[in-house]
S.K.: 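My questions will all concern the structure given below.
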Amino acid sequence: MVASILYAALVFAVLVIVHEAGHFAMAKKVGVRVLRFSIGYPPRIFGFRRGETEYSIGATPFGGYVRMLGDEVGEDPKAEELTTYLHEIGLDIITAARDRRTLIHPSGFDEDLPVVADRMGAGSPANIIGRELKPDEALLINEVRRQPKVEDAIKALATNPPAVLVESFRKRAFPTQSLGKRVLIVLAGPLANIAFAPLLLTFVFMTGVPQLLPVVGKATKELPAAQAGLKTGDRILSVNNRKVETWADFSTTIKSGDGSPIKLEVSRQDGGKTERKTLVIKPTRLDQKTIYGSTATTWVIGVQPRGDETVKRFGPFSAVKQACATSVELTTQMVIGIASIFAGSVPVRDALGGPIMIAQMAGREAHQGFSNLAMFTVMLSLELGIINLLPVPLLDGGHLLFFVFEGIRGEPLELRYREMMLQVGLFLLVALMAFVIFNDISRIVQG
């Protein structure tokens with residue numbers, strides 16, 4: 001079970017990085033300042049700063065976040081937000097001085113910033129940090145020189161902010177961006193997960209994927225295949241003169257037919273000799289459970305695969321084509337499956353699984369090989385992307401819903417309504433998590 005938990009944690013870490021990297025990259029692209037990129041939630045275990053952003057790992061796994069400048073549900077910049085912004089500006093200056101080695105013995109933020117400010121007063125900022133100061137940086141440095149403590153300088157600017165500081169904040173904060181930019185930033189996370197699927201699948205198809213060979217393992221009595229003489233070990237060569245290479249090809253051909261008699265050419269081992277036989281079988285219709293959990297009537301002949309496998313490798317262009325087609329197919333299946341849950345045609349208890357179930361599945365797929373674990377990761381990535389687009393507060397789709405209201409009204413929803421909806425969303429997500437964990441435990445207890 002420990003190995004399964006580790007595999008599940010690895011898969012989640014990859015998917016969280018992909019998801020948050022989508023938000024991160026788009027935020028950077030449109031000019032929003034990203035304060036922190038975290039894998040996992042606090043408390044912080046490890047972290048480092050590069051440029052304007054702190055990259056960290058939290059002790060609480062199975063999640064992550066990108067923290068941008070500004071409060072998502074705020075109206076105008078508050079003193080607390082400006083304090084954070086001024087602290088980040090100070091860190092930018094200190095980091096630049098350290099990189100240029102003009103601050104050789106760093107002590108701490110409150111000690112280092114006055115040292116840099118004093119040196120800038122005696123010389124050119126370009127000599128200290130390698131560039132000229134930005135307007136907001138110059139504002140902070142000048143205030144630090146005037147005040148006895150850095151804390152006093154930041155408090156003075158945050159309490160009575162000059163216009164240049166507010167303008168600089170609004171230029172880099174998330175809430176004050178145009179509606180289109182905010183939509184792009186929020187949408188980038190789920191789309192990154194969805195786009196990750198064909199990328200990973202392309203690699204999988206190029207390295208090789210196991211495929212079931214069309215070899216009969218069992219022919220069910222009283223169904224057409226057994227009655228026509230199909231036996232265990234028979235290898236299907238063609239269906240209606242069309243060559244069959246995998247069990248999936250064979251199964252799809254049977255199920256997509258109209259019930260007309262089909263001609264199978266099979267290879268059979270008999271007494272050490274290989275014989276070719278031609279059988280004519282008329283499919284029958286049976287009720288079978290679909291991948292969506294519902295029941296549908298399907299054309300069958302009553303056979304199961306023996307389990308023989310081969311590894312198929314694709315060239316680069318074929319791999320991309322196959323990966324895109326598979327991603328579209330899986331996405332369609334998941335959307336229909338989620339719709340079936342909301343429609344009530346699929347029992348919720350059968351459809352939903354929580355972290356325990358995911359850990360079990362991750363461990364099982366990992367033991368079956370890289371391609372199986374990669375396919376499992378692809379499906380989770382698509383599912384994460386699709387579910388995050390649902391219009392539920394706290395999910396990306398919930399924020400997009402707020403933006404739709406804003407686009408219709410011409411102004412954001414009032415703060416109290418947004419906070420109320422976020423509280424409802426939090427309650428729903430906590431209730432859902434409790435349900436799926438209870439559901440996982442019930443599955444284990446019931447065997």
Side-chain angles (χ1 to χ4, degrees), residues 3-4 6-15 17-19 21-22 191-218 232-256 264-269 274 276 291 303-334 337 358 360-386:
S4 296
L6 291 177
Y7 283 124
L10 175 63
V11 170
F12 267 111
V14 170
L15 298 185
I17 290 173
V18 169
H19 184 90
L191 292 185
N193 283 119
I194 293 173
F196 178 67
L199 290 177
L200 180 57
L201 280 175
T202 298
F203 178 75
V204 171
F205 286 134
M206 289 178 64
T207 56
V209 290
Q211 295 187 328
L212 275 177
L213 293 172
V215 180
V216 177
K218 179 182 178 182
T232 299
D234 286 353
R235 175 163 182 160
I236 313 298
L237 301 176
S238 66
V239 179
N240 292 335
N241 298 319
R242 293 181 61 181
K243 188 177 179 181
V244 171
E245 295 184 349
T246 67
W247 186 270
D249 295 338
F250 170 58
S251 178
T252 300
T253 303
I254 301 298
K255 292 180 179 179
S256 62
L264 299 185
E265 186 176 0
V266 303
S267 174
R268 178 178 296 172
Q269 295 288 333
T274 302
R276 285 201 174 196
I291 57 174
V303 288
Q304 297 176 7
R306 190 170 67 180
D308 303 55
E309 288 186 347
T310 186
V311 176
K312 184 175 182 179
R313 293 179 175 83
F314 294 78
F317 295 108
S318 299
V320 171
K321 181 180 178 181
Q322 187 68 26
C324 291
T326 302
S327 297
V328 170
E329 181 182 354
L330 288 173
T331 301
T332 303
Q333 291 174 357
M334 288 181 184
I358 291 173
Q360 291 175 330
M361 293 178 67
R364 183 174 67 245
E365 298 299 333
H367 283 96
Q368 292 179 358
F370 168 76
S371 61
N372 291 74
L373 182 61
M375 285 296 297
F376 177 68
T377 304
V378 164
M379 294 181 68
L380 273 185
S381 187
L382 287 172
E383 192 169 359
L384 180 62
I386 294 168

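These numbers come from the heavy atoms of this one structure, side chains and all, not from hydrogens, waters or symmetry mates.
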S.K.: What is the minimum heavy-atom distance between Gly22 and Ala192, and which atoms define it?
M.R.: CA-CB, 3.9 Å
S.K.: How long is the span from the CG atom in Leu10 to the CG atom in Leu373, to the nearest 0.5 Å?
M.R.: 7.0 Å
S.K.: Sub-3.5 Å donor-acceptor pair from the side chain of Thr332 to the main-chain atoms of Val328, do we have one?
M.R.: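 Between the backbone of Val328 and the side chain of Thr332 there is a qualifying donor-acceptor contact (under 3.5 Å).
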S.K.: Kindly compute the distance separating CG (Leu199) from CG (Leu201), expressed to the nearest 0.5 Å.
M.R.: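 So the gap between those two atoms works out to 9.0 Å.
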S.K.: I need the full list of salt bridge (Lys or Arg N to Asp or Glu O under 4.0 Å) pairs touching residues 306-320, with sequence neighbours left out, sorted by first then second residue.
M.R.: Arg306-Asp308
S.K.: Tell me the closest heavy-atom pair linking Pro198 and Ala323, and the distance in Å.
M.R.: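 Smallest interatomic distance, heavy atoms only, reads O-CB, 3.4 Å.
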S.K.: Is it the case that the side chain of Ser267 and the backbone of Arg276 share a donor-acceptor pair, with hydrogens and angles ignored and the cut-off at 3.5 Å?
M.R.: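 No.
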S.K.: Treating Ser381 as the side-chain partner and Asn193 as the backbone partner, does any N or O pair qualify as donor plus acceptor under 3.5 Å?
M.R.: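 Such a contact is found between Ser381 side chain and Asn193 backbone.
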S.K.: Measuring from atom OG1 of Thr207 to atom CZ of Phe314, what distance do you get when rounded to the nearest 0.5 angstrom?
M.R.: 11.0 Å
S.K.: Can you list the steps and then say if Leu200 with Met375 is a side chain to side chain contact (heavy atoms under 4.5 Å, CB included)?
M.R.: CA-CA 8 Å; Leu200 180 57; Met375 285 296 297; over 6 Å; no
S.K.: How many angstroms lie between CD in Glu265 and NZ in Lys243, if you round to the nearest 0.5 Å?
M.R.: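 Reported value, rounded in 0.5 Å steps: 11.0 Å.
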S.K.: Please answer whether the main-chain N or O of Trp247 pairs with a side-chain N or O of Ser251 as donor and acceptor at a distance below 3.5 Å.
M.R.: no
S.K.: Could you please spell out the steps behind the side chain to side chain contact (heavy atoms under 4.5 Å, CB included) verdict for Leu380 and Leu384?
M.R.: CA-CA 6 Å; Leu380 273 185; Leu384 180 62; over 6 Å; no
S.K.: Between Thr232 and Gly217, what is the shortest heavy-atom contact and its length?
M.R.: OG1-O, 3.0 Å
S.K.: Is the closest side-chain heavy-atom distance between Ile194 and Leu382 below 4.5 Å?
M.R.: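 A side-chain contact under 4.5 Å exists here.
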S.K.: Would you sort out whether Gln211 and Glu245 count as a side chain to side chain contact (heavy atoms under 4.5 Å, CB included), showing the intermediate values?
M.R.: CA-CA 9 Å; Gln211 295 187 328; Glu245 295 184 349; over 6 Å; no
S.K.: Can you tell me how far CG of Leu330 sits from CE of Met334, rounded to the nearest 0.5 angstrom?
M.R.: 5.5 Å
S.K.: Applying salt bridge (charged side-chain N to carboxylate O under 4.0 Å, His left out), name anything that partners Arg242, two or more places apart in sequence or on another chain.
M.R.: none
S.K.: Between CZ of Phe12 and OG1 of Thr377, what distance do you get to the nearest 0.5 Å?
M.R.: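 If we round to the nearest 0.5 Å, Phe12:CZ and Thr377:OG1 are 10.5 Å apart.
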